[in-house]
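Keep in mind it's a predicted model, so treat the numbers as computed, not measured.
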Amino acid sequence: MDGNVTRDIEEAVQRALAAGGIQGTVTVTGRTMSLRSGGAPVEIDALYLIEQWPLLPDDLRERKAADVAARLVDAQRAAKTGVPAPGA
């Protein structure tokens with residue numbers, strides 16, 4: 001995957017998290033996206049987003065980034081409470 005695409009995805013998801021009041025670092029490695037935001041990092045499978053990203057118009061990129069940000073937040077909450085995240 002192109003490094004520019006990776007950075008674009010990371011930045012878009014980080015902006016979506018910040019809009020929801022979540023600060024942290026988002027990284028994409030292979031097909032996995034991780035969030036480091038106090039405590040243990042959480043990871044989700046983000047292959048579908050990574051594959052689609054170059055084909056999406058800007059408005060859909062924002063929406064997809066917000067969806068992935070919500071999944072990361074759900075995973076983070078699940079990790080803190082020990083309750084599985086929805087769809088896990």
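Under the side chain to side chain contact (heavy atoms under 4.5 Å, CB included) test applied with E10, the options D8, T6, V13 reduce to a single match, T6.
Heavy-atom minimum distance, R71 versus D45: NH2-O, 2.9 Å. Considering every non-hydrogen atom in both I44 and A75, the closest pair reads CG2-CB, 4.1 Å.
Note that the CZ atom of R63 and the CG atom of L60 stand 5.0 Å from one another [nearest 0.5 Å]. How far NZ of K64 is from OH of Y48: 6.0 Å, rounded to the nearest 0.5 Å.
Looking at heavy atoms from C-beta onward, M33 lies in side-chain contact with I9 at the 4.5 angstrom threshold.
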Expected list for residues 15-29: side-chain donor-acceptor pairs under 3.5 angstrom, two or more places apart:
unit_1 : atom_1 : unit_2 : atom_2 : d
T27    : OG1    : S34    : OG     : 2.6
T27    : OG1    : R36    : NH1    : 3.3

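Cluster membership check: L49 does not share its hydrophobic cluster with L47, using side-chain heavy-atom separations under 4.5 Å among Ile, Leu, Val, Met, Phe, Trp and Tyr.
Between the side chain of Q76 and the main chain of S37, a donor-acceptor pair closer than 3.5 Å is present.
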